[in-house]
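Chain identifiers are assigned alphabetically (A, B, ...) following the order of the sequence lines, protein sequences preceding nucleic acid strands; residue numbering begins at 1 within each chain.
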There are 2 protein chains.
Amino acid sequence: MSTPTSGAPRRATISDVAREAGTGKTSISRYLNGELSVLSPQLRARIEAAIERLDYQPNQMARGLKRGRNRLIGMLVADLTNPYSVEVLQGVEAACHALGYMPLICHAANEVDMERRFLQLLTTYRVEGVIVNALGVSEETLRPVGGGGIPAVLVDRSVDGLVTDMVGLDNEGATMLATRHLVERGFDRLWFVVQPFEHISSRRQREAAFRQALKQYPQVSGRTVVLELGDADELAQTLNALDAELDAAIGAQAPGEGARHVALFAANGPVALALARHLHQRHGPDWQKRVALLSIDDPEWAELAGITTIRQPTYDIGYRAVEFLHQRIDGEQSSARDCLLPGELIERASTAR
Amino acid sequence: MSTPTSGAPRRATISDVAREAGTGKTSISRYLNGELSVLSPQLRARIEAAIERLDYQPNQMARGLKRGRNRLIGMLVADLTNPYSVEVLQGVEAACHALGYMPLICHAANEVDMERRFLQLLTTYRVEGVIVNALGVSEETLRPVGGGGIPAVLVDRSVDGLVTDMVGLDNEGATMLATRHLVERGFDRLWFVVQPFEHISSRRQREAAFRQALKQYPQVSGRTVVLELGDADELAQTLNALDAELDAAIGAQAPGEGARHVALFAANGPVALALARHLHQRHGPDWQKRVALLSIDDPEWAELAGITTIRQPTYDIGYRAVEFLHQRIDGEQSSARDCLLPGELIERASTAR
DNA sequence: CTGTTAGCGCGTTCAC
DNA sequence: GTGAACGCGCTAACAG
């Protein structure tokens, strides 16, 4: 019995169903589209039976081709390894579900040319819109998308020269909140640690906000440390250098436990993890007695390690992004909007005195 | 400047290009499909120019409709929150990239009916194959997929009554490896902690392998503890009960630091995290002095916390899955294959004496 | 209420 | 070499 052509017994088409139900394709189509009030109960029953019998499932591709809309939206994620992204994704999925879209998730794995390829691929599949959280896309790359092309909304970061909706964290507020917390807890040497930030607006904003915040506290000193997570060698080198400086800074103070004066302020989760791993490895489980750590982003391990964090409203960010996109797809013409959501301080042992 | 989001200027079609190049659609199509040897260099140049000018991008949907193949494969993931899944995904993506597929990633967020919906959706989009890592799909749900339907390959777990290719961890070997390690380190009270395992083959196998392994070591006692991570209340309750028993077990021994006799063996990363969080919260940063922890899966935080783990060859698992699928799509008729990859022991402080 | 007709954008014979 | 015509599965007028 095994048909040599194996696999596909070629799925039933709308014509098959029509024939099986003894009617025309139109009626089937109408049935599928919920125009049931226009069908005689009798015909309707026959159609249902036929569909059931043939296990018919409409071909979305063909449907989209005809209609001009396929209900697909693209979601470009720079790094799924980052819990932040996954959380945003969950919001995106929920919203898609609610609004009837199917998200096409593309994971660029932190590679710029992958991002470009995916964007082009999405375009090729005629997605109705795109949600972008990328690290290297330039205005030019996004041109076919944002401007006169398909609607796009940016997540977490904006792109220079590109005017589109954006939704993300209120970086300024979050940074202020964190800085104030550290100062209030008595830390007076703050090191803001961040990945190269020239090209990522959110990082840039956080760094700027940090320096801005410091102006309010003349008694505390602050500096920015740049950490390149991509290159393992370079990372190790930077961390070692950082360590030496940290030793110096700490050594200059009272060695007692209650005397921690310096706090590391990680610009995001990955940075915090890199720092924590390094410090743990170098100073053992008690590393937190030497230096405080606070991070924007609230990954699962933060609670385990007792790290104070600024939790982002990730789910909402994703949800709002889809809502924005949906409006654009529906023809919304207003000028580009920004949606900045507030972060929440989760206080834990790492910054306690 | 900038029209806000002017409605789609309707993308150029193949006909547009043909007209622009002063030729017929056929030639364009040939050009696109690389049959360049059949085109006069002159025509070819005109086509290239036209495509460039119109920024033409072939419509994959239409293409797929006609060809019968759209190069789409579905990837159903039960839980993207689990780093394991993301790592597998990276392997899948790499393989897809290499083999020319576009993975349609569906995240079921641990909801069984979502899985069913997605599977149906994928079918509707006529994906050429599916990679499934789900938790609740039954043989029936997968029927249209595995058997006479589109090719499928299972990841990490198999489904009762469904014969398809599967790739995952060598659970037996990994569990043996871990158990032996614990015993060799001198632990003689082993608690295997696992989520409800009746319906998940990999968990079932690990639990069985654990009990099997114990038979080799008459001097050590072992038991299985079931942890339901889904329900927060129930989880807390179980953990508290577990704690009490742990107190008893530990109290019965010498309280000295070097005398740890009981080890927790987490069946996977999420379980390990739940355990670690709870113990940390209850006993503070020094919780590891009371009890050892070892886990299958090697999430990022494991190093930070100094947890000994069995790392799964996640990337390879994903990669192999796509390769299997590719062969099936290409008509491979052999009977269902299993690919069991070995785990690797990563020894860290948590199990040191 | 229902069937007929004409494409959606593209690939593919099959003639020229 | 090149292009016209047909059809993939489906929807949208347009009749009946």
Side-chain angles (χ1 to χ4, degrees), chain A residues 8-48 50-51 54-72 121 123-128 150, chain B residues 8-48 50-51 54-72 121 123-128 150:
Chain A
R10 221 186 39 267
R11 284 213 152 276
T13 78
I14 200 173
S15 303
D16 297 331
V17 179
R19 196 180 318 114
E20 181 79 12
T23 178
K25 303 190 297 181
T26 312
S27 299
I28 312 297
S29 175
R30 286 189 178 125
Y31 173 85
L32 293 176
N33 292 330
E35 303 176 32
L36 18 74
S37 58
V38 205
L39 296 173
S40 68
Q42 191 224 62
L43 212 202
R44 185 174 155 184
R46 273 167 34 220
I47 293 180
E48 271 169 358
I51 288 182
L54 270 46
D55 186 31
Y56 168 70
Q57 302 197 216
N59 183 327
Q60 286 293 351
M61 297 304 182
R63 189 180 273 210
L65 183 58
K66 180 61 189 166
R67 273 214 182 109
R69 354 182 13 179
N70 52 201
R71 306 259 72 184
L72 249 31
L121 202 56
T123 263
T124 260
Y125 276 105
R126 297 295 189 272
V127 296
E128 297 184 35
I150 46 183
Chain B
R10 225 188 34 270
R11 286 212 150 278
T13 79
I14 199 175
S15 304
D16 297 331
V17 179
R19 195 179 322 116
E20 181 80 12
T23 175
K25 304 190 296 180
T26 315
S27 299
I28 312 298
S29 175
R30 284 189 178 128
Y31 173 84
L32 294 177
N33 291 332
E35 303 176 35
L36 18 72
S37 59
V38 204
L39 296 174
S40 66
Q42 191 222 63
L43 212 204
R44 186 174 154 183
R46 270 164 40 218
I47 293 181
E48 273 168 356
I51 287 183
L54 269 46
D55 185 31
Y56 169 71
Q57 304 198 214
N59 183 328
Q60 286 295 347
M61 297 305 181
R63 187 179 276 210
L65 184 58
K66 182 62 189 164
R67 281 224 276 245
R69 341 184 25 178
N70 52 201
R71 308 260 71 184
L72 248 32
L121 201 57
T123 266
T124 258
Y125 277 105
R126 297 295 189 270
V127 296
E128 297 183 37
I150 44 183

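Looking at B:Arg44, its side chain never comes within 3.5 Å of a backbone N or O of B:Val38 through a donor-acceptor pair.
Atoms NZ (A:Lys25) and C1' (C:dT4) sit 10 Å apart, rounded to a whole Å. Rounded to a whole Å, the CG atom of A:Leu36 is 13 Å from the C1' atom of C:dC1. Nucleotide C:dG9 holds its P atom 18 Å from the OH atom of A:Tyr125, rounded to whole Å. At whole-Å resolution of the value, CZ in A:Arg67 and C1' in C:dG7 are 16 Å apart. In this structure, A:Arg126 places its CZ atom 18 Å from C1' of D:dC10, rounding to the nearest Å. In this entry the distance linking CD1 of B:Ile51 with C1' of C:dC10 reads 13 Å, nearest Å. The interatomic distance linking B:Tyr31 (OH) with D:dT2 (C1') rounds to 17 Å, in whole Å. Rounded to an integer number of Å, the gap from A:Glu35 CD to C:dT2 P is 12 Å.
Taking 3.5 Å as the limit, the base of C:dG3 and the side chain of A:Arg30 contain a donor-acceptor pair of atoms between them. Counting atom types as modelled, B:Lys66 pairs a side-chain N or O with a base atom of D:dG7 as donor and acceptor under 3.5 Å. With hydrogens and angles ignored, a donor-acceptor pair under 3.5 angstrom links the side chain of A:Thr26 to the base of C:dT4.
Nucleic acid contact for A:Leu43: sugar-phosphate only, since backbone atoms but no base atoms lie under 4.0 Å from a heavy atom of the residue. Counting any heavy atom pair closer than 4.0 Å across all strands shown, B:Leu39 reaches sugar-phosphate atoms only and no base atom. Across all strands, A:Ser27 comes closer than 4.0 Å only to sugar-phosphate atoms, never to a base (heavy-atom distances).
Look at B:Asn59 and you won't find any side-chain N or O under 4.0 angstrom from OP1 or OP2 of C:dC8. Contact check, A:Ser40 against C:dT2: a side-chain N or O comes under 4.0 Å of OP1 or OP2. B:Thr13 has no side-chain polar atom (N or O) that falls below the 4.0 Å cut-off from OP1 or OP2 of C:dG9. One finds a side-chain N or O of A:Arg63 lying less than 4.0 angstrom from the OP1 or OP2 phosphate oxygen of D:dT11. When the side-chain nitrogen and oxygen atoms of A:Tyr56 are compared with OP1 and OP2 of D:dC10, one or more of them lie within a distance under 4.0 Å.
Between B:Ala50 and B:Glu20, the closest heavy-atom pair is CB-CG, 3.6 Å. Annotation for A:Tyr125 and A:Asn70: closest pair O-OD1, 3.2 Å, computed over non-hydrogen atoms. Across B:Arg126 and A:Ala12, no two heavy atoms sit closer than the pair NH2-O, 4.2 Å. When every heavy atom of B:Asn33 is checked against every heavy atom of B:Arg67, the shortest pair comes out as OD1-NH1, 3.7 Å.
Comparing B:Ser37 and B:Ala62 against DNA chain D, the residue whose closest nucleotide sits nearer the 5' end is B:Ser37.
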